[in-house]
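Everything below concerns the one structure shown next.
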Amino acid sequence: MTDEPEIPFRPDVLYEDERIIVIDKPHFVPTTPRGMWYRQSALIRLREHYAEPQITPAHRLDRLTAGIVVFVRDPACRGAYQMLFQNHRARKTYECLAPAAPITRPHTGTLTRLNAPAVFPLLRCSHIVKDRGRLQAYEIPGELNARTIIELPDTCGMTADTPGAAALPAGMRRYVLHPVTGKTHQLRVHMSSIGLPIVGDPFYPTLKPYGPDDFSTALQLVARRLEFTDPVSGRDMAFVSSAALQCIPSV
């Protein structure tokens, strides 16, 4: 692994007990080993730091997305925490930067105003497919398998949790995203499909040429808040990412 690229960011541990470790993962850091990354991944860093090779992720977060990730350190509890996420019993709230522009009608699926006539919140539903070996996920006509609620921070109380919330240039807006389902790249596909591609996205709407990571142009998407009832202790748990969203020169 001598040619493994260096990622100059380290996850912050927000919480740990005898069963789990919760981190705030930076942009660009993979959750688990993948492709050219092994020791740079959050999983291997945690295993090496704690000298606990049994640590396993309860769920995953895209490499380019920052935010909250839960790892399980007690193998006896692994299934309980993983099922928490597989059964969608963990409440996830994401935040992103995207254009402050009119919504465009997607070519397939549905788009519903949940508080008409107000534009937001919106429910975006579609059928998303991700083929092995293909970088982009895409939408096709068919049974709806991906659902996302899109709203604005000032209507859902997220502003107080947002680092640098006031420092936005004209033409940019923060959006709060609630994934009802968990398809690969779902939030990025859904935002792009309604004409609001997330700032810094190298995949949507257009796949940019592959090259070394440009750490100055991160995907402006953060898994901001994660809430769940601990399946072992019964405690209500809530974690908030401090990863900042910022407008970058290259959109």
Side-chain angles (χ1 to χ4, degrees), residues 7 9-35 37-96 128 130 132 137 145-149 156-158 161 176-190 219 221-243:
I7 300 174
F9 308 111
R10 297 291 182 270
D12 291 329
V13 174
L14 302 182
Y15 172 84
E16 62 176 286
D17 59 27
E18 67 274 16
R19 295 180 299 274
I20 62 173
I21 301 168
V22 181
I23 69 166
D24 193 353
K25 186 187 81 66
H27 294 101
F28 300 105
V29 174
T31 302
T32 59
R34 185 176 183 132
W37 293 279
Y38 179 76
R39 294 194 66 191
Q40 301 289 311
S41 68
L43 174 62
I44 300 305
R45 284 173 172 170
L46 288 175
R47 285 179 174 177
E48 291 181 347
H49 176 75
Y50 288 96
E52 297 178 16
Q54 73 276 13
I55 292 174
T56 305
H59 61 118
R60 284 171 172 78
L61 197 59
D62 285 349
R63 186 177 78 87
L64 298 182
T65 304
I68 306 299
V69 187
V70 178
F71 290 83
V72 186
R73 67 197 311 184
D74 182 353
C77 301
R78 186 176 300 160
Y81 287 98
Q82 290 178 339
M83 291 306 296
L84 184 72
F85 290 91
Q86 291 179 23
N87 293 334
H88 306 293
R89 286 185 279 122
R91 297 172 295 283
K92 301 177 181 179
T93 304
Y94 289 71
E95 203 171 12
C96 72
I128 293 179
K130 177 67 167 63
R132 181 180 293 275
N145 67 358
R147 296 170 174 82
T148 303
I149 295 172
C156 67
M158 282 296 294
D161 290 331
V176 176
L177 312 175
H178 304 278
V180 182
T181 54
K183 292 295 180 182
T184 300
H185 295 180
Q186 175 180 313
L187 303 181
R188 298 159 67 180
V189 170
H190 276 172
L219 172 69
L221 175 64
V222 175
R224 180 66 69 198
R225 181 187 288 271
L226 178 65
E227 302 169 86
F228 59 88
T229 299
D230 190 290
V232 179
S233 71
R235 292 174 53 201
D236 289 334
M237 312 290 278
F239 303 98
V240 177
S241 170
S242 62

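When a residue number appears, it is its place in the shown sequence, counting from 1.
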- Task: Please round to the nearest 0.5 Å and tell me the distance separating atom CD1 of Ile44 and atom OG1 of Thr32.
- Result: 8.5 Å

- Message: In the structure I gave you, are the side-chain heavy atoms of Val70 and Phe228 within less than 4.5 Å of one another anywhere?
- Response: yes

- Task: Output the distance between atom CG (Asp24) and atom CG (Leu14), rounded to the nearest 0.5 Å.
- Result: 5.0 Å

- Query: Does Trp37 reach the side chain of Val29, with side-chain heavy atoms less than 4.5 Å apart?
  - Reply: no

- Nearest 0.5 Å please: distance from the CD1 atom of Ile21 over to the CG atom of Asp74. 11.0 Å

- Task: Identify the heavy atoms of Ala238 and Glu227 that sit nearest to each other, and give their distance.
- Result: CB-CG, 3.9 Å

- Item | Distance, nearest 0.5 Å, that separates CG of Leu219 from CZ of Arg63 | 10.5 Å

- Task: For Leu226 and Arg91, run side-chain contact (heavy atoms from CB on, under 4.5 Å): C-alpha distance rounded to whole Å, both residues' side-chain angles, the deciding distance at 0.1 Å, then the answer.
- Result: CA-CA 6 Å; Leu226 178 65; Arg91 297 172 295 283; over 6 Å; no

- Is it true that the side chains of Thr31 and Arg60 contain a donor and an acceptor less than 3.5 Å apart? no

- Looking only at heavy atoms, what is the nearest atom pair of Pro57 and Leu43, with distance? CD-CD1, 4.0 Å

- Taking the side chain as C-beta and beyond, is there a heavy-atom pair between Ile68 and Lys25 under 4.5 Å? no

- Message: For a 4.5 angstrom cut-off between non-hydrogen side-chain atoms, does Leu221 reach Leu64?
- Response: no

- Arg47 and Gln54: side chain donor to acceptor below 3.5 Å: no

- Note on the structure: Between His27 and Phe9, the two heavy atoms sitting closest are O-CD1, 3.8 Å

- Query: Are Gln86 and His59 close enough that some pair of their side-chain heavy atoms sits under 4.5 Å apart?
  - Reply: no

- Task: Assess the side chains of Tyr94 and Arg225: does a donor N or O sit below 3.5 Å from an acceptor N or O?
- Result: no

- Message: Could you check whether any side-chain N or O of Asp230 sits under 3.5 Å from a backbone N or O of Val232, counting only pairs where one atom can act as donor and the other as acceptor?
- Response: yes

- Beyond-backbone contact of Leu187 with Thr148, side-chain heavy atoms, under 4.5 angstrom: yes

- Task: Among Arg45, Arg73, Arg19, find the one that has a salt bridge (Lys or Arg N to Asp or Glu O under 4.0 Å) with Glu52.
- Result: Arg73

- Relative to each other, are the rings of Phe239 and Tyr15 parallel, tilted or perpendicular (30° and 60° limits)? tilted

- Message: Run the side-chain contact (heavy atoms from CB on, under 4.5 Å) test on Leu46 and Ile23 for me, step by step, so that the C-alpha distance in whole Å, both residues' side-chain angles and the decisive distance to 0.1 Å come before the verdict.
- Response: CA-CA 10 Å; Leu46 288 175; Ile23 69 166; 4.0 Å; yes

- What are the two closest heavy atoms between Ala223 and Thr65, and how far apart are they? N-CG2, 4.2 Å

- Task: Would you give the length of the straight line joining atom OG of Ser242 to atom CG of Asp12, rounded to the nearest 0.5 angstrom?
- Result: 6.0 Å

- Within 6.0 Å of CZ in Arg10, more than 12 heavy atoms from elsewhere: yes

- Item | Pairwise side-chain contact, Cys77 with Ile20, heavy-atom cut-off 4.5 Å (strictly under) | no

- Item | Cys96 vs Leu177, side-chain contact (heavy atoms from CB on, under 4.5 Å): CA-CA, chis, key distance, verdict | CA-CA 8 Å; Cys96 72; Leu177 312 175; 3.9 Å; yes

- Item | Closest non-hydrogen atom pair between Gly67 and Ser241, with its separation | CA-OG, 3.8 Å

- side-chain contact (heavy atoms from CB on, under 4.5 Å) assessment of Ile149 paired with Val180: CA-CA 7 Å; Ile149 295 172; Val180 182; 4.2 Å; yes

- Message: Quick one, Met237 and Thr229 - any side-chain contact, counting heavy atoms below 4.5 Å?
- Response: no

- Query: Which value, rounded to the nearest 0.5 Å, describes the distance between Ile128 atom CD1 and Thr181 atom OG1?
  - Reply: 7.0 Å

- Message: If I compare all heavy atoms of Arg147 with all of Gln186, which pair ends up nearest, and what's the gap?
- Response: O-NE2, 2.8 Å

- Query: Any sub-3.5 Å donor-acceptor pair from Arg78's side-chain atoms to Ala58's backbone N or O?
  - Reply: no

